[in-house]
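So you know, we letter chains A, B, ... as the sequences are listed, proteins then strands, and number each from 1.
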Amino acid sequence: MTAPPIVRLENVTKSYGKVESLRGVTLDIGANEIVGLIGDNGAGKSTLIKILTGVERPTSGSITIKGEKINAGSYSVREAQKLRIETVYQESSLGEKQPLWRNFFVGRPITNRFGFINVKAQREAAEHIMRTTIGFRGVGIDVNTPVSSLSGGERQGVAIGRAMYFESDLIVLDEPTVALAIKEVQKVLDFIRSIKAGGRTCIYIEHNIHHVHEVCDRLIVLDRGKVALDVPTSDMTYAELTEFLMSLHAPARNTA
Amino acid sequence: MAGTRQAARSGWLARFLALEGVPIAIVFAVLIGLFVITAPGAFTGYRIYMSFMATVPPPMIVALGLTLVVVAGEIDLSFPAVIAFASYVFCLLFKEYDLTFVAFGAAILVGVVMGLINGLVITKLGMPSLIATLAMLFVWGGFVTVVSGGISLAIPTVRGTAIHTIFAGRIGVFPVQFLWALGTAVVVWFLLNRHRFGESLLFIGDSLKVARVVGIATDREKIKLFTLMGGLSAFAGVLLSLETSTYFSQAGMGYLLIVVASVFIGGTSIFGGSGKVIGTVFGALIVAVIEAGLVASGIQGFWTRFYIGVVFIVAVTMNTAIEDPDKVPLLRDLRAFTRN
Ligand SMILES: Nc1ncnc2c1ncn2[C@@H]1O[C@H](COP(=O)(O)OP(=O)(O)OP(=O)(O)O)[C@@H](O)[C@H]1O
Ligand SMILES: [Mg+2]
């Protein structure tokens, strides 16, 4: 890697009480890389993402973003957004009772200098996102629809559309294609390719190894809170990767 | 058949009923109508209206603050003590030092600090607001009773001062404080529906977890919320002192139930994530008009609470039914029954 990495994690650990979700993770995410993060259920992928995006604080270890060392005490989702990191979380990050025009912009609404929201501008932008990026053709859905009346896939679409809109430098996608129909999955994959083409960076968490292998430059496998593999995708065929992942499972199965 | 009925429902009538505050305004109008019939003497004259416009502002202002609190999925039960404390500070500074606007400022400041402490206890000790503010009701209530020595203060000379004219004077026969209450309602409406602070409250009430994930500083916003609630409660306390030109340590306690009732009669959901400011304005008016109206109708005062309760049930059911009739199980079953 020639350019300095956009993200560097060193020895990051995270414990929830007695559960050690991350046990010393060290990794770099290079600029304009598409990195696939894979591993078993409970391997610690989402935890890693939450630490990176300021939702959770690491128990120990250091985070460097764009060359700047992050102060764990003051790091927050807002800080991450200011560093132009955008995330689609695995769990819902939408306000159920709130209309779409609020959900697209929550956390960073379009306001005047007194903090009053420009509802008209937000409605128009939301309308635009829905027509162009997500391609909602759903009957009866408009910018005033509350999230509670959307289908699972539509919700996912809203979260992804929101991530697309803010054109951040690093986009983190935690299982974005869950609940999506095949056409929409293709759109997400196209989006990931457009991130690459636009010179931006992406961390892509996905259980469908086929998709990961197809779009990612590099693969990182997490296994019970540790990095088990970190290789360029070109070093491994799809079959080899599958075999590696299965071999990871095997000892665990034997000891159980 | 069902299709045309659906179309009719989504017509102008449904849209009119769905406007914020319309259903509850209708309840209010119906009540006034009933009282005009049962107590024509009082309710066709202007005096009774002027009298309740003079007395309703303090509970209305507190109810507006409480609406924001409920939107965020929280509750504040400490406001009666804040009202009493602010009222005490104002009356004491006026009586002892002849202070007016400074006394006003000091009273508001006391409320703000008490609200801030509430916010800190809730966020930093991680206590549910119901428990924390109930405890604070005892703490502040006990404290003000001790500090004031349990006695009342009368400040009759406050009438005629500039501060009295501004906050509790009369324009002709019209009580000025009602304008302050309406002004507060407008500010609170914009705060909730058009300001980023209100949006934070909506998302916090919707789901605290989601609010955190989208980058809302949930603790800071909650502290701001309880501080604002403290300030509004104190404002109500001062208005009460100005109108009645007294302080007594139980001032405010009488508002506890009617303020909470006003918020929910107005249609704000107890589950958080949404709130109806205009509803709260009418909620407070409804409670006040029932009190005034029953007395004028010659019904014993004891019945007041009974009728507030009945109207409470009717108003909340009506609000739900207008939003979606199927959310009221009885109506849903009736509709299903008539369709068969
Ligand atoms: N808030 C929490 N409290 C306690 N334990 C947690 C919490 N969040 C995660 N964990 C634990 O940390 C471990 C890693 O969880 P994580 O969500 O990071 O897994 P994951 O790799 O994203 O799995 P999946 O593929 O199923 O999404 C799990 O054992 C989980 O039980
Ligand atoms: Mg996960």
Side-chain angles (χ1 to χ4, degrees), chain A residues 46 49-50 53-57 74-83 85-99 101-123 140 144 146-149 155 158-159 162-163 166 172 174, chain B residues 3 6-7 9-10 14-15 18-20 68 70-73 186-221 224-225 228 267-276 319-320 323-324 326-327:
Chain A
S46 297
I49 291 321
K50 284 180 192 157
T53 59
V55 177
E56 302 271 7
R57 283 183 188 172
S74 66
Y75 193 50
S76 64
V77 176
R78 285 292 285 277
E79 286 300 311
Q81 286 171 351
K82 279 185 201 143
L83 289 165
I85 299 177
E86 188 62 44
T87 318
V88 174
Y89 293 97
Q90 185 176 8
E91 295 110 32
S92 174
S93 54
L94 304 173
E96 287 281 317
K97 296 181 192 168
Q98 313 310 323
W101 66 264
R102 279 198 196 274
N103 267 294
F104 281 119
F105 293 95
V106 61
R108 54 209 140 157
I110 307 172
T111 61
N112 67 13
R113 69 200 145 110
F114 303 109
F116 285 97
I117 298 170
N118 186 337
V119 176
K120 191 160 171 279
Q122 283 199 188
R123 282 213 175 102
N144 298 317
V147 169
S148 58
S149 54
R155 285 163 201 233
V158 171
R162 182 165 69 182
F166 286 97
V172 182
D174 194 346
Chain B
Q6 207 66 34
R9 250 197 72 76
S10 56
R15 251 179 294 147
L19 283 180
E20 187 182 345
L68 295 178
V70 172
V71 163
V186 171
V187 171
V188 169
W189 190 92
F190 274 96
L191 213 50
L192 177 62
N193 296 296
R194 290 293 177 269
H195 197 271
R196 63 182 304 158
F197 175 59
E199 184 161 282
S200 297
L201 300 182
L202 288 166
F203 276 82
I204 287 173
D206 209 316
S207 157
L208 196 58
K209 212 168 131 205
V210 167
R212 278 185 57 212
V213 159
V214 296
I216 293 169
T218 52
D219 279 3
R220 209 187 57 201
E221 299 296 82
K224 274 200 252 171
L225 170 65
L228 175 65
T268 293
S269 157
I270 195 168
F271 301 110
S274 74
K276 299 206 168 73
N319 272 318
T320 316
E323 211 171 278
D324 178 0
D326 286 348
K327 276 193 193 154

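Residue B:Ser269 touches chain A through its side chain alone, counting heavy-atom pairs closer than 4.5 Å. Contact of B:Phe271 with chain A is made through backbone and side chain together, with heavy-atom distances under 4.5 Å. If you measure heavy-atom distances from A:Ser93 to chain B, the contacts under 4.5 Å come from both the backbone and the side chain. For A:Tyr89, the part lying near chain B is the side chain, with the backbone staying farther off; criterion is any non-hydrogen pair under 4.5 Å. Of the atoms belonging to A:Gln98, heavy atoms from both backbone and side chain fall under 4.5 Å from chain B.
Per-residue counts of heavy-atom pairs under 4.5 Å with chain B were compared for A:Gly115, A:Gly95, A:Pro109, A:Ser76; the largest is that of A:Gly115. Of the listed residues (A:Val119, A:Ile117, A:Asn103, A:Thr53), the greatest number of heavy-atom pairs within a distance under 4.5 Å of chain B belongs to A:Ile117. Put simply, of B:Leu202, B:Ile216, B:Asn193, the one with the most heavy-atom pairs under 4.5 Å next to chain A is B:Leu202.
To the nearest 0.5 Å, the span separating OG on B:Ser207 from NZ on A:Lys97 amounts to 10.5 Å.
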Go through B:Val214 and A:Arg162 one step at a time and tell me if the side chain to side chain contact (heavy atoms under 4.5 Å, CB included) criterion holds. CA-CA 11 Å; B:Val214 296; A:Arg162 182 165 69 182; 4.0 Å; yes
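Around atom CD1 of B:Ile270, no more than 12 heavy atoms belonging to other residues, nucleotides or ligands sit under 6.0 Å away.
A:Val77 places none of its side-chain heavy atoms less than 4.5 Å from the side chain of B:Arg212.
The nearest pair of heavy atoms linking A:Arg108 to B:Arg196 is CA-NH2, 4.3 Å.
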